[in-house]
Peer 1: 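One structure coming up, written as C-alpha cells, with questions to follow.
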2 protein chains.
Amino acid sequence: MDEVLDASEDFLTAQELHGVLKEKGHGVGLATVYRTLQGLADDGAVDVLRMGGGEAAYRRCSAETHHHHLVCRSCGAAIEVAGPAVERWTQRVADEYGYIDVAHTVEIFGTCPRCA
Amino acid sequence: MDEVLDASEDFLTAQELHGVLKEKGHGVGLATVYRTLQGLADDGAVDVLRMGGGEAAYRRCSAETHHHHLVCRSCGAAIEVAGPAVERWTQRVADEYGYIDVAHTVEIFGTCPRCA
DNA sequence: TTATCTGCAAACATTTTGCAGCGAG
DNA sequence: CTCGCTGCAAAATGTTTGCAGATAA
C-alpha cells in the first residue's frame with residue numbers, strides 16, 4: 001500500500017486509496033487501509049488533513065521538519081511550505097494568554113494553476 | 001437556541017448544544033439543532049471549528065472581521081485573535097505558486113491557564 | 001390554505017472494532 | 001505452536017434527510 005502513497009503527490013482519503021488499490025488488483029480491505037494509515041500517522045510518517053465532511057486525507061511528506069500545506073481544493077495537489085513567522089506568531093499569541101502545550105493547524109486552500 | 005449560543009464563551013458541538021437545551025427543559029430535537037447551526041454558519045453568524053473526530057463545534061463570535069481562535073483543548077474556551085501577519089503570509093505563499101481563490105484555516109490549540 | 005418550522009426516525013458516510021483465518025517465524 | 005496481520009462484517013459516531021403534524025401568516 002505504501003507504494004501508492006509514495007507515488008502520489010496529492011492528498012488521498014482512505015477511501016480513495018482503497019479504490020486505487022482495488023483497481024490495481026490488490027484485494028485489500030478497507031479496514032486494513034484505515035489501520036495502516038492510522039499507524040503511519042501515529043509514527044508521523046504521513047501528514048493528515050481533515051476535510052470538511054469529517055473525512056481525512058493522507059499524504060506521505062518528504063520534509064521531515066514541521067511544515068504546512070498549500071492544497072489545491074480541486075485536484076488535491078499539495079505543496080509543502082514552511083512558515084517560521086507563523087510558528088513564532090502562534091507561540092507568541094499563546095504565551096500572551098498563558099496557554100501552554102500549544103499546537104496549531106495551518107492549511108492554505110486554493111485553486112492551483114493547472115486547475116484554474 | 002440562540003440564547004445558549006450567545007451565552008457561551010466556548011465552542012460547543014451540536015450535540016453539546018442539544019444536551020444543554022434538553023437540560024433546560026426545551027424539547028428540542030437534534031435535527032433542529034443541526035439545521036439551525038448550519039443556517040447560522042452559512043450566514044456567517046457563527047464560527048465553525050472542525051475537531052478531530054470529524055465533529056464540528058460552533059461559537060457565536062463578537063468580532064465581525066476575519067479572525068482566528070486560540071482554543072483550550074480541555075474546556076473549549078476560545079479567544080478571538082487577529083493575525084494580520086498570517087493573512088499576508090498565506091497570500092504571499094499562494095501568489096508564489098500561482099494559486100488563486102485562496103482561503104486558509106488557522107487554529108491554535110492549547111491548555112488554558114485555568115485548565116493547566 | 002399555504003408556507004415554514006419542528007421532531008422523530010430512518011438513512012448515510014466515515015471510521016472503528018470483534019473475530020476467525022492465514023502465514024511467517 | 002504462537003503471534004501478528006488481514007479481511008469481512010457489524011458496530012459506533014456524527015450528520016443529513018424524508019415525512020407528517022403543528023404553527024403562523
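Just so we're on the same page: letters track the sequence lines, and every chain starts at 1.
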Peer 1: Rounded off to whole Å, could you give me the CD-to-P distance for the A:E55 and C:dA13 pair?
Peer 2: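 The answer, rounded to whole Å, is 11 Å.
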Peer 1: Please check this pair: side chain of A:H67 against backbone of A:E80, looking for a donor-acceptor N/O pair closer than 3.5 Å.
Peer 2: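 Not confirmed, A:H67 side chain does not pair with A:E80 backbone.
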Peer 1: Any side-chain N or O of B:Q38 under 4.0 Å from OP1/OP2 of D:dT16?
Peer 2: yes
Peer 1: Can you check whether B:L5's main-chain N or O pairs, donor with acceptor, with B:S8's side chain at less than 3.5 Å?
Peer 2: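 No: the side chain of B:S8 does not pair with the backbone of B:L5.
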Peer 1: Does B:T32 put a side-chain nitrogen or oxygen below 4.0 Å from OP1 or OP2 of C:dG7?
Peer 2: yes
Peer 1: Measure the distance from CG on B:L37 to P on C:dT6 and round it to the nearest whole Å.
Peer 2: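 Going from CG in B:L37 over to P in C:dT6 covers 12 Å.
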Peer 1: Please report, rounded to the nearest Å, how far the C1' atom of C:dT14 is from the CD atom of A:E16.
Peer 2: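 Going from A:E16 (CD) to C:dT14 (C1'), I get 13 Å.
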Peer 1: Please confirm whether any donor atom in the side chain of B:R35 sits under 3.5 Å from an acceptor in the base of C:dG7, or the reverse.
Peer 2: yes
Peer 1: Between A:L30 (CG) and C:dA13 (C1'), how many Å, whole number?
Peer 2: 11 Å
Peer 1: Among the candidates C:dT6, C:dT15, D:dC8, find the nucleotide nearest to the side-chain atoms of A:A31.
Peer 2: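 Among the listed nucleotides, the one closest to the side chain of A:A31 is D:dC8.
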Peer 1: Round to a whole Å and report the spacing from OH of A:Y34 to C1' of D:dA11.
Peer 2: 15 Å
Peer 1: Report the C-alpha distance between B:H104 and B:Q91 in whole Å, list the side-chain angles of each, state the deciding distance to 0.1 Å, and finish with yes or no for side-chain hydrogen bond (donor to acceptor under 3.5 Å, both in side chains).
Peer 2: CA-CA 9 Å; B:H104 62 275; B:Q91 191 58 57; over 6 Å; no
Peer 1: How many Å lie between CE on B:M51 and P on C:dT15, as a whole number?
Peer 2: 17 Å
Peer 1: What integer distance in Å separates A:Y58:OH from C:dT14:C1'?
Peer 2: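 It works out to 10 Å between those atoms.
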Peer 1: Using atom types as modelled and distance alone, determine if a side-chain donor or acceptor of A:R114 lies under 3.5 Å from a backbone N or O of A:C75.
Peer 2: no
Peer 1: Take B:A14 and A:V28, find for each the nucleotide of DNA chain D with the closest heavy atom, and name the residue whose nucleotide sits nearer the 5' end.
Peer 2: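 The 5'-side residue here is A:V28.
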Peer 1: How long is the line joining CG of A:L17 and C1' of C:dT14, in whole Å?
Peer 2: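 About 15 Å, once rounded to whole Å.
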